[in-house]
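Each remark here refers to the structure printed beneath this line.
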Amino acid sequence: LMWLGEQITEFGIGNGISIILFAGIVGRVPNMVYNIYLGVLGWMNGADPKNDMVLHPAFILLIVAGMLLLVAFIVFMDNSERRIPVQYAKRVVGRKMYGGQSSHIPLKVNMSGVLPIIFAQSIASLPATICAFAGIQAAKEPGVGTFWEQFLRIFDANGAVYTVVYFLLILAFSYFYSTMQFDPTEVANNLKKNGGFVPGFRPGKPTADFIRRVLNKITFFGAMFLSVIAIAPIITGNVIGQSSLSIGGTSIIIVVGVALETSKALEAQLMMRHYKGFLE
């Protein structure tokens, strides 16, 4: 798989590993559709909702509409950015004048991508993983069983405690990853060296403080976006009683992100060969 991913990357189609992940996620769609079909079939046959997986036909429209809205929201947030205006001072070298143009620093709202969700999911599922290796199963009823069986029952992947911890971990990792990836002090120093400045702020530390404040604000919105997308399938599954939805929030972010990146890569390849855009 690594070799195949490297071949896809080498031929300029896009990130090969991401495309393989994309194929693996999309490959689970037929299983999800089949589970929904079985749920509707059980409802039509009069199965007991408490004992069998039963799904009302009206929920199909709700699921499809929710998926479409979720994809549109992810595309909007993935392309959203905060542009900080930058002005460059004019300077004369010989008989020529340089500088004076305007530019901007683009700060993506979802700068960290899907990595905070992956990290948060790994840590939140750690107790269940340890109990699985130890052969411990979750208790079926409250107050019955050992401490670890009750702990595993409370920390169920579809429970309220897991959802809250998952939500908070995504927020924490989003801020952690954004500070590791983007350094406002370094950006402010580079602007100062090249004669650039943010209008209304002095070069150096005031500019770095302003960029840091803006970064903290958009990171909050990006973290809330990731958190809502991640816990939305858990809440939806508990509401409609269908916990086997294969396409979760993380999977949708990966699928949409890879599709957008692949489309841009193909469009760049076509533009290099003097063709029109890929989506035109």
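Index from 1, following the sequence.
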Non-hydrogen side-chain atoms of [X] and [Y] separated by less than 4.5 Å:
X	Y	answer
Ile19	Thr262	yes
Val187	Phe182	yes
Pro184	Leu215	yes
Leu226	Ser174	yes
Ile218	Arg82	yes
Phe119	Ile123	no
Leu171	Met224	yes

Look up atom [atom1] in [X] and atom [atom2] in [Y], then write down how far apart they are to the nearest 0.5 Å.
X	Y	atom1	atom2	result
Ile20	Ile25	CD1	CD1	12.5 Å
Leu191	Ser103	CG	OG	9.0 Å
Phe173	Ser178	CZ	OG	12.5 Å
Leu260	Asp78	CG	CG	5.5 Å
Ile231	Thr163	CD1	OG1	6.5 Å

Other residues, nucleotides and ligands only: do more than 12 of their heavy atoms fall within 6.0 Å of [atom1] on [X]?
X	atom1	answer
Phe201	CZ	yes
Leu1	CG	no
Lys192	NZ	no
Tyr175	OH	yes
Phe210	CZ	yes

So does Lys205 pair up with Asp209, basic N to acidic O under 4.0 Å?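 Yes, charged N to carboxylate O under 4.0 Å.
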Indicate the atoms forming the closest heavy-atom contact of [X] with [Y], along with that distance.
X	Y	answer
Gly196	Val86	CA-CG1, 4.4 Å
Leu169	Ala120	CB-CB, 3.6 Å
Pro30	Val26	CD-O, 3.8 Å
Pro106	His104	CD-O, 3.5 Å

Check the angle between the aromatic planes of Phe225 and Phe73 and answer parallel, tilted or perpendicular using the 30° and 60° thresholds.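 Rings of Phe225 and Phe73: perpendicular, over 60°.
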Quick one: does any side-chain atom of Ser80 pair with a main-chain N or O of Val109 as donor and acceptor, under 3.5 Å?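 No.
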Would a line drawn from the ring center of Tyr88 to the ring center of Phe197 be shorter than 6.0 Å?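 No, ring centres 6.0 Å or more apart.
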Tell me, with the steps shown, if Tyr166 and Tyr162 meet ring pair (Phe, Tyr, Trp, His ring centres under 6.0 Å). CA-CA 6 Å; Tyr166 192 26; Tyr162 177 88; 5.6 Å; yes
Between Arg212 and Thr185, does a side chain to side chain contact (heavy atoms under 4.5 Å, CB included) hold up when you go through it step by step? CA-CA 8 Å; Arg212 187 174 291 107; Thr185 303; 3.1 Å; yes
Under a 4.5 Å side-chain heavy-atom rule over Ile, Leu, Val, Met, Phe, Trp and Tyr, are Val228 and Val75 clustered together?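 Different hydrophobic clusters.
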Would a single hydrophobic cluster contain both Phe76 and Leu69, if residues Ile, Leu, Val, Met, Phe, Trp and Tyr are joined by side-chain heavy-atom contacts under 4.5 Å?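 Leu69 does not cluster with Phe76.
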I would like to know whether Ile229 and Leu70 meet side chain to side chain contact (heavy atoms under 4.5 Å, CB included); could you show each step before the answer? CA-CA 8 Å; Ile229 295 298; Leu70 196 59; 3.0 Å; yes
Should Ile105 and Leu107 be marked as a side chain to side chain contact (heavy atoms under 4.5 Å, CB included) after you check the CA-CA gap, both sets of side-chain angles, and the distance that decides it? CA-CA 6 Å; Ile105 302 174; Leu107 298 179; 4.3 Å; yes
Going through the distances and angles, do Met111 and Thr219 end up as a side chain to side chain contact (heavy atoms under 4.5 Å, CB included)? CA-CA 8 Å; Met111 186 179 298; Thr219 300; 6.0 Å; no
